[in-house]
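Since the structure comes first, as structure tokens, the remarks are kept for the end.
The shown structure was predicted, so the numbers you read here are calculated from the model rather than taken from an experiment.
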Amino acid sequence: PILVLIYLAFQNQGVIGALWAYPAALTFYFTLDERPAWISNAALFLVVVMASTNVLEGDVAVRVWATLAGVSIFSAIFVRVIARQKAALVERAVTDPLTGLRNRATLNNTLVQAVERAQRTGAPMTLLAIDLDHFKAINDSYGHDIGDRVLTAAADVIQERIRLTDTAFRIGGEEFLIFLFGTDAERAGAVAADLRRSLEQLNLLPDRPVTMSIGVSSIEPGDSWETWLKRADENLYQAKVGGRNRVVA
């Protein structure tokens with residue numbers, strides 16, 4: 001409809017009608033996704049060329065085309081820059097700056113969606129609640145810089161051993177949570193054991209290994225996300241009171 005109105009404006013108003021093409025170009029870029037905006041503006045340009053050829057003098061028509069092309073190009077650049085900045089801000093808002101893992105901002109929504117999908121499809125879903133053992137003692141003995149390196153190393157181990165369909169969170173201090181999509185308790189236990197061994201084998205400190213305790217919890221019928229998460233935390237607690245550096249499911 002906009003293109004038809006612009007064509008009619010050319011026919012009835014001549015060069016004055018050409019002015020309606022510029023806000024139309026801006027409207028397309030600021031209201032549509034990038035690809036539809038490009039297509040709409042290409043169609044707009046074609047309409048303007050056809051309409052102005054019959055109505056405007058040659059040099060005036062060329063100026064209209066050039067101006068419209070400039071408006072379209074600069075609008076496209078401006079909108080793309082804004083989109084990239086927005087994406088960067090969103091990513092920063094949901095990412096832990098030290099480890100690069102997700103922070104708590106999207107945790108609840110992730111678990112709600114997982115529960116809904118499990119209830120709808122019966123797909124297995126499992127959580128790994130993780131705590132680095134004796135982390136306060138590491139900070140006290142070696143300083144916070146070394147503590148940060150330990151956290152980063154643990155996050156790297158986690159990232160290297162989970163799939164793209166899984167999500168890892170740093171939920172505070174030395175506490176992590178991993179959501180394993182489509183993974184049952186047996187497979188999740190194997191993943192947890194691999195994580196525990198891999199971290200322990202790293203030589204992060206000169207006189208002691210860095211270890212982790214892990215609580216495993218697979219979703220059960222009737223679980224809410226709160227119940228599911230609480231069970232993972234309870235299993236983590238059992239791993240810690242049971243001697244640490246172990247997995248409890």
Side-chain angles (χ1 to χ4, degrees), residues 87-111 114 126-181 183 185 187-218 225-226 228-249:
L89 288 173
V90 170
E91 183 66 19
R92 185 179 301 175
V94 301
T95 303
D96 175 59
L98 177 64
T99 63
L101 302 181
R102 293 293 179 184
N103 60 25
R104 296 188 68 102
T106 60
L107 176 60
N108 290 8
N109 189 51
T110 299
L111 298 186
T126 303
L127 295 177
L128 304 183
I130 300 172
D131 193 271
L132 300 187
D133 298 325
H134 304 295
F135 185 73
K136 184 179 183 303
I138 293 174
N139 269 339
D140 292 343
S141 300
Y142 300 98
H144 289 279
D145 288 345
I146 298 300
D148 286 348
R149 292 183 190 177
V150 168
L151 290 171
T152 302
D156 289 343
V157 168
I158 290 171
Q159 288 282 55
E160 289 169 2
R161 284 162 174 77
I162 63 174
R163 306 160 300 176
L164 293 177
T165 53
D166 304 325
T167 309
F169 301 84
R170 181 187 176 202
I171 57 176
E174 70 275 23
E175 300 176 18
F176 301 88
L177 186 76
I178 304 175
F179 163 57
L180 298 175
F181 177 83
T183 305
R187 174 57 186 158
V191 172
D194 178 55
L195 289 172
R196 187 195 62 76
R197 285 192 303 268
S198 298
L199 182 64
E200 186 178 20
Q201 290 169 1
L202 296 180
N203 294 317
L204 298 176
L205 301 176
D207 59 347
R208 71 178 80 171
V210 177
T211 62
M212 61 172 62
S213 300
I214 305 177
V216 181
S217 174
S218 291
W225 71 266
E226 295 96 339
W228 184 25
L229 179 59
K230 182 179 179 181
R231 190 164 58 249
D233 286 336
E234 290 172 347
N235 287 342
L236 171 60
Y237 176 77
Q238 292 301 321
K240 294 184 77 68
V241 299
R244 294 184 170 86
N245 191 24
R246 64 189 61 211
V247 176
V248 171

For residues F176 and I171, determine if any side-chain heavy atom of one lies less than 4.5 Å from a side-chain heavy atom of the other.
no

Does T152 use its side chain to pair, donor to acceptor, with the backbone of T99 at less than 3.5 Å?
no

Using the salt bridge (charged side-chain N to carboxylate O under 4.0 Å, His left out) rule, pick out the option among R196, K240, R246 that qualifies with D133.
K240

If you measure from CG on L151 to CZ on R170, what distance do you get to the nearest 0.5 Å?
5.0 Å

Heavy-atom count around Y237 OH within 6.0 Å, excluding the residue itself: above 12?
no

Would you confirm whether N103, through its side chain, and A93, through its main-chain N or O, come within 3.5 Å as a donor-acceptor pair?
yes

Between CZ of F169 and CG of L107, what distance do you get to the nearest 0.5 Å?
5.0 Å

Checking the side chain of W228 only, and the main-chain atoms of S217 only, is there a donor and an acceptor separated by less than 3.5 Å?
yes

Salt-bridged, R163 to D166, with N to O below 4.0 Å?
yes

Tell me the closest heavy-atom pair linking A188 and L180, and the distance in Å.
CB-CD1, 3.7 Å

Can any side-chain N or O of R231 pair as donor or acceptor with the backbone N or O of S218 at less than 3.5 Å?
yes

Starting from the C-alpha separation in whole Å, work towards a yes-or-no answer on side-chain contact (heavy atoms from CB on, under 4.5 Å) for S141 and R208.
CA-CA 12 Å; S141 300; R208 71 178 80 171; 3.9 Å; yes

Residue among D131, L128, L199 satisfying side chain to side chain contact (heavy atoms under 4.5 Å, CB included) with M212
L199

Can you give me the closest heavy-atom contact between A192 and V216, atom names plus distance?
CB-CG2, 4.1 Å

Rounded to the nearest 0.5 angstrom, the CG-CG distance for N245 and L132 is 11.0 Å

Measure the CZ-CD1 distance between R244 and I214 for me, rounded to the nearest 0.5 Å.
14.5 Å

Under the 3.5 angstrom rule, does the side chain of T126 hit a backbone N or O of T183 as a donor-acceptor pair?
yes

Taking the side chain from R92 and the backbone from T95, do they hold a donor-acceptor pair closer than 3.5 Å?
no

Closest non-hydrogen atom pair between L127 and L229, with its separation:
CD1-CA, 3.9 Å

Neighbour count above 12 (heavy atom, 6.0 Å) for R161 CZ:
yes

Once you round to the nearest 0.5 Å, how far does CD1 of I158 lie from CD1 of I178?
4.5 Å

Separation between CG (D233) and CD (E226), nearest 0.5 Å, reads 12.0 Å

